[in-house]
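Protein chains get the first letters and strands the later ones, always in sequence-line order, with residue 1 at the start of each. Fair warning: this is a prediction, and the values are worked out from it, not measured in the lab.
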Amino acid sequence: MIGDMVMEQPPAPVGTEAQRQPRSRFPVVHRDDFDAFYVREMRAVTVFLMHQGATPYEAADSAHEAISKLLPDRWRTMEHPRAFLRLTAQRCYWRQNDARVCPADPVPDRPGGTCPVSEVVLTETQQRLLGALHELPPALRSVMAWHLDGFDYVEIAEALGMSLAAVRQNISRARRKLVTILGLGKGDADD
Amino acid sequence: MTDHTPHEGGYDNQERLLDQLLADHHDQLLHTVADALDARAGLAALKPLRHAQGPGLDVVVPVHESPEVAAWREAVDAQRLQMPRRPGSLAAVLQQFEQLTDLLACIRRAVPRATMVNVAALASSLVLVRLERGLAGRTLTRAGAHQLLAELEEWLGESVQAMAGAPSGPGHLARLVCAVESLPALHTLVMNLFEDAQAEVPPRHGQPACGPARAGRGDASEVGSRRRTGFCGALLMLVGVVAVFAVWAPEPLNGLAFLMTVPLAALGSRCLLLGGAVVDLETPSHVVPGGYGAAVSQPIPASCTGSSR
C-alpha cells in the first residue's frame with residue numbers, strides 16, 4: 001500500500017474536525033493525463049528533496065530525472081508511482097551530490113543562461129524551517145521528509161525498509177529536535 | 001500532518017505549533033516551487049521518451065531523404081528481394097520435401113485407403129520423412145541419400161501409374177507428375193549438399209583434422225609414434241646396460257662391451273632423431289585412407305560444415 005494516491009487515513013483523535021470530514025491527502029491520479037501527473041509530482045518531489053537538503057535546482061533536476069524513469073508507460077501501469085518517484089529521486093540526488101561540480105565561470109549575461117528554479121527566492125520563515133530540517137541527522141531528515149510529504153508511518157516503513165517502531169521513533173526524535181532548534185519550547189515561535 | 005494519537009502522549013502546544021508551522025511551510029514551498037518550475041519545458045523535454053518503444057528501441061525515421069539516397073536505398077532493397085536462394089542450401093531442399101509431403105498427404109486424403117495410390121503415397125511419404133530427418137540431422141551419408149532418392153523416385157512413379165487409372169482429387173495427378181519431373185533436380189540439389197559440405201572443410205596442414213575419416217588417420221600415426229618411442233627407450237636401456245658391463249666386466253670382456261656401446265649409442269640417437277621427424281614425413285593430412293568416396297560416405301559432422309540447422 002505504498003504511496004497510493006488515495007489512502008485510508010489513520011484514526012483521527014475523537015471529536016476532531018478531521019474525523020467528521022474525512023479528507024484525502026492525495027489527489028486521485030488520472031492515469032490518462034501525464035501532463036497533470038508531471039505538474040503535480042514535479043513540484044511535490046522537488047519540495048521533498050529540498051527537505052532533504054537539496055537546493056531547488058538540484059531537487060528539480062533529480063525530480064525530472066526520476067519522472068523520466070517512469071516513461072513511457074510505467075507512470076500509468078505502476079501500482080505505487082509516488083513512492084517509486086521519491087525513492088528514485090532520492091537516489092538521483094545522492095548520486096548527483098557525489099559527482100556535482102560547481103561551475104567556476106560567471107553566470108552568462110544573456111537571457112536563458114540561468115534556470116529559474118535556481119533563482120527561487122524563499123521567505124525568511126521558509127529558510128528558517130529548511131535550515132532547521134537540514135540540521136537534523138540524515139536519517140531523521142529523510143524520514144521527516146517522507147512524513148512531511150504526506151506518507152504515513154506504515155508507508156514510510158515499507159518504502160525505506162525500516163520497522164514501524166523505528167519510523168515512529170525517528171519521527172518523534174526529529175520532532176523533538178525541531179522543537180528545540182526552532183525554539184518552540186520557549187514560546188517565541190515566529191509564525 | 002501527524003499520526004500521533006492521544007495515547008502516545010506529548011501532543012502538547014509545542015507539537016501542535018510545530019505541526020502548524022510545518023504544514024504552512026510545506027504549502028507555501030509547494031506554491032513557490034510551482035511558480036518557479038517551467039512545466040512546459042519539462043514536458044517538452046520528456047516528449048521523446050513518452051512515445052519511445054523502450055530504451056534504445058526508438059524507430060529512427062529519416063526526416064529529409066535526398067533523391068540519391070532514396071534511389072540507392074530502393075536499389076538495395078530490390079537487390080535484396082531478388083537475390084536468389086543458394087541452390088544447394090539445406091533449407092531449400094527441406095522446403096521442397098515439405099511441399100512434396102503436403103501433396104502426398106492431399107492425395108492420401110482424396111483416395112480410399114486400400115488402394116494402390118494410397119499405399120504408394122504412404123510409402124513415398126515415409127521415404128521423404130527418412131530423407132528429411134537424415135539431412136536435417138546430418139546423419140545421412142551420400143550413398144544413403146542417393147539410395148533413398150532412388151526409392152522415392154520409384155514410389156512416386158508407382159503413384160503416378162496408379163493414379164492414372166483411379167479417381168483422385170482435382171489436379172493431384174498433374175501436380176504429382178510435375179513433382180516427379182522435378183525429382184532429378186532435387187536429386188542434384190541433395191548431392192550438392194554433400195559436395196558443399198566437403199568443400200566447406202578445406203584440408204589444411206597444422207590444424208586438427210575433423211570428421212571420422214581424419215580421426216582414423218590420426219589414430220594410426222599416434223600408434224606408430226608410440227611404437228618408435230618404445231623402441232628408442234629399449235635401445236637406450238641396452239646402451240646403459242652394456243656401458244655398465246664395460247666398466248665392471250673383467251679384462252677381455254670389457255673392451256668388447258666398450259666397442260659395442262659406441263654403435264648402439266649411435267643407433268639410438270639416430271632413431272631418436274628419426275622419431276621426431278617421422279611426423280613431418282608422413283602422408284599429407286588431407287589424404288584420407290580409402291579415397292574421396294570413403295570421406296564423403298561418412299556422416300557429415302555439423303561442426304565441420306559450418307552451417308546451422
Side-chain angles (χ1 to χ4, degrees), chain A residues 9-14 34-35 38-40 42-44 46-47 50-51 56 59-60 63-64 67-73 75 115-123 125-126 128-130 132-133 144 147-150 152-154 167-168 171-172 175-176 178-179 182 184-185 187 189-191, chain B residues 1-66 69-70 73 77:
Chain A
Q9 298 300 304
V14 178
F34 178 75
D35 291 3
Y38 177 83
V39 170
R40 187 178 58 248
M42 186 67 191
R43 66 174 183 180
T46 303
V47 169
M50 285 173 69
H51 284 155
H64 185 84
I67 290 177
S68 74
K69 292 184 189 303
L70 282 175
L71 292 175
D73 282 329
W75 73 276
C115 174
V117 184
S118 61
E119 302 299 315
V120 169
V121 179
L122 301 175
T123 64
T125 311
Q126 286 172 340
R128 187 179 167 197
L129 274 165
L130 282 176
L133 282 168
M144 203 61 198
H147 182 55
L148 287 174
D149 206 7
D152 65 22
Y153 290 179
V154 177
V167 173
R168 194 180 294 275
I171 289 180
S172 177
R175 289 173 64 85
R176 278 205 300 271
L178 282 176
V179 166
L182 293 170
L184 298 180
D190 186 7
D191 289 345
Chain B
M1 183 53 73
T2 178
D3 286 347
H4 270 265
T5 61
H7 301 289
E8 290 179 34
Y11 198 79
D12 51 12
N13 287 335
Q14 299 169 8
E15 298 273 339
R16 193 172 290 117
L17 194 54
L18 179 65
D19 281 344
Q20 190 182 347
L21 261 179
L22 290 175
D24 291 345
H25 158 75
H26 192 258
D27 289 343
Q28 286 174 13
L29 198 55
L30 275 176
H31 282 112
T32 308
V33 169
D35 291 341
L37 284 172
D38 188 354
R40 188 183 297 174
L43 283 167
L46 290 177
K47 198 171 182 181
L49 288 175
R50 291 173 65 180
H51 303 291
Q53 299 300 314
L57 294 178
D58 294 352
V59 178
V60 179
V61 181
V63 181
H64 300 293
E65 195 177 53
S66 64
V69 172
R73 187 171 52 78
D77 289 346

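To the nearest 0.5 angstrom, Leu21(B) atom CG is 8.0 Å from Thr125(A) atom OG1. Distance check: Leu46(B) CG to Asp35(A) CG gives 10.0 Å after rounding to the nearest 0.5 Å. The line from CD of Gln28(B) to CG of Leu129(A) is 9.0 Å long, rounded to the nearest 0.5 Å. The OG1 atom of Thr46(A) lies 5.0 Å from the CG atom of Leu37(B); values are rounded to the nearest 0.5 Å. The structure places CG of Leu22(B) at 6.5 Å from CG of Leu133(A), a figure rounded to the nearest 0.5 Å.
Contact annotation: the side chain of Glu15(B) never approaches that of Leu184(A) to less than 4.5 Å [non-hydrogen atoms, C-beta and beyond]. Between Leu29(B) and Leu130(A) the shortest side-chain heavy-atom distance falls below 4.5 Å. In this structure the side chain of Val33(B) never reaches within 4.5 angstrom of the side chain of Met42(A), judged on heavy atoms.
Highest contact tally toward chain B, considering only Thr123(A), Val47(A), Val39(A), is held by Val47(A) [criterion: heavy-atom pairs under 4.5 Å].
Proximity to chain B (any heavy atom under 4.5 Å) is restricted, for Leu122(A), to the side chain, taken from C-beta onward.
Residue His26(B) comes nearest to Leu148(A) through the heavy atom pair NE2-O, 3.5 Å, listed as atom of the first residue, atom of the second, then distance. Residues His64(A) and Ala45(B) approach most closely at NE2-CB, 4.1 Å, considering heavy atoms. Of all heavy-atom pairs between Ala34(B) and Arg43(A), the closest is CB-CD, 3.8 Å.
Between His51(A) and His25(B), the gap from one ring centroid to the other is short of 6.0 Å.
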